[in-house]
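No hydrogens, no waters, no symmetry mates; every other heavy atom, side chains included, goes into these values. Throughout, a chain's letter reflects where its sequence line sits, starting with A, and its residues are numbered from 1. None of these values were measured; they are calculated from a predicted model.
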There are 2 protein chains.
Amino acid sequence: MTSHEQSLQYLQSLGYRLTPQRLLVLEIVAEGGSHMGVDEVYRQARAAYPYMDLATVYRTLRLFKQVGVVTEVAIGNRLHYELTDPGEKHHHMVCRDCHRAFNLSPHYLEEFRDTLIKEFGFAPDLEHFTVSGDCVDCRAGAAPAAGSTINNADNWENAES
Amino acid sequence: MTSHEQSLQYLQSLGYRLTPQRLLVLEIVAEGGSHMGVDEVYRQARAAYPYMDLATVYRTLRLFKQVGVVTEVAIGNRLHYELTDPGEKHHHMVCRDCHRAFNLSPHYLEEFRDTLIKEFGFAPDLEHFTVSGDCVDCRAGAAPAAGSTINNADNWENAES
DNA sequence: TATGTTATCGCCAATGTTTGCATTAACTGG
DNA sequence: CCAGTTAATGCAAACATTGGCGATAACATA
Ligand SMILES: [Mn+2]
Ligand SMILES: [Mn+2]
Ligand SMILES: [Zn+2]
Ligand SMILES: [Zn+2]
C-alpha cells in the first residue's frame, strides 16, 4: 500500500469523505516537492480538474494539516505545504530576509517540549512549528543568488524555486 | 521621562517622524493592556482622531514591531500587539483551542537560540516568537469559562477580553 | 519664521484567506 | 443497486492585511 493510499484510508477512518478533489490535492502536494504555495497547488489542480475552486484547495489543505497529512509552513506571509513524511519529520526555520525555508531536525526541540509540558502543562504543537530569523547567508551580508547551493548540512534545504 | 517619551525619542533618533497618529497608536497600545487586536486599536484611534485610517494603523504597528517598541502575537489568525516592556520581556504560547495567549519567560529559549546559532548559523528572531499548542485547561477537556482565573504561575496571563 | 525636502498619510484597490449558503455527490443501510 | 442523510463543493461575498499614489505635514535649514 502506497503512502497516498495510507493517508486516504486514514482520512476515511476519521469519517472524512474521499472526494476526487482531495485525491487530487494530495497527489499534487506529494509530487510537488517541498513547500508548495497555495496558488501553485491551485493552478495544478485546476489544470487537472477545471471546476476546482480555490476555497476547496484552502479547505482541503487545512484539513490535511489538521489530521497531520501535510505540514504547513508560513513563508513570508503566505502559506506553504509539504507532505508530512512520517519517517523524516522536521520543523522549519524561515529566513525573514531571503524568505527561504530550512529544515530542522525534531531533535533540537525535544527538551523544549518536555519543559513546556512539565512546567506549564502546555503541550506545544511542534508538528506545525516554525522559527523565523536570519539565515547564514543573509547574516553574512551577501544576498544569495537565486539558485545558489547552500546545503551546509543534510538537514538544510532550499525552498521557493 | 516616561516610557512613551523614551520610545518616541528612540523613533526620532532612528529618523522616523513623530506624527500625531504614531503618538496615538502608541498611547492606545500602552494603555490597552495585553495583546490588543488591530481592529481594537483602530476603533480607539478613530474615536480620538476620526481621520485615522486602518492602513495607517497597520503601518504604524508594523513599524513599532520592527523597531521593537511593540511585540506582535498571532492569535488564531489575527495579529495582536502589546507594548514591549524592556524589563519584563516574554514570549508567547497561544492555545489553538481557546485562543488565549500565555506569557513565557525568555529563559526557556536561551539554549535553543544558542544551538541554532552554533549548529546552523541561524539567528532566530525570538523577539517575535510564539508557540501554539494546547493549554492546561483545554487539555483537561474542560472548556474554561470566559473570565476564569487560570494563573498557575506568575508568567501566565489571560488574553482576549 | 519662512521655505524646501521627503516621509507619512488618507484613500482606494489588490491580495491572500476565510466564510455562508444553496447545490451536489459520498457514503450508509436497506 | 436505490434512496436518504449529510459532508463537501462551487460560487460569491466577507474579511484581514498589504501596496500604489497623489496630497499633506514633519522636520531641517537658513
Ligand atoms: Mn520542509
Ligand atoms: Mn504577552
Ligand atoms: Zn536568508
Ligand atoms: Zn486553551
Are B/Asp39 and B/Arg78 ion-paired here, with the side-chain N under 4.0 Å from a carboxylate O? no
Under 4.0 Å between a side-chain N or O of A/Thr19 and OP1 or OP2 of D/dA7? no
By nearest-heavy-atom nucleotide on DNA chain D, the more 5' of A/Ala55 and B/Arg59 is A/Ala55
Within the structure shown, what part of the strands sits under 4.0 Å from A/Tyr42 by heavy-atom distance: base, sugar-phosphate, or nothing? nothing
Strictly below 4.0 Å, N to O, side chains only: are A/Lys89 and A/Glu127 in salt-bridge contact? yes
Phosphate oxygens OP1/OP2 of C/dT8: is one of them under 4.0 Å from a side-chain N or O of B/Gln21? no
Whether B/Tyr49 contacts C/dC9 is assessed here as follows: a side-chain N or O lying under 4.0 Å from the phosphate OP1 or OP2. Is that the case? no
Result for 5'-nearest mapping on DNA chain D, choosing between B/Asp53 and B/Arg78, is B/Arg78
Would you mind reading off the distance between A/Gln12 atom CD and C/dT28 atom P, rounded to a whole angstrom? 7 Å
Have a look at B/Leu54 and say if it touches a base, only the backbone sugar-phosphate, or nothing, with a 4.0 Å heavy-atom cut-off. base
At less than 4.0 Å, is any side-chain N or O atom of A/Arg22 found next to OP1 or OP2 of D/dA8? Yes or no. yes
Compare side-chain N and O positions of A/Asn77 against OP1 and OP2 of D/dT18 and report whether any pair is under 4.0 Å apart. yes
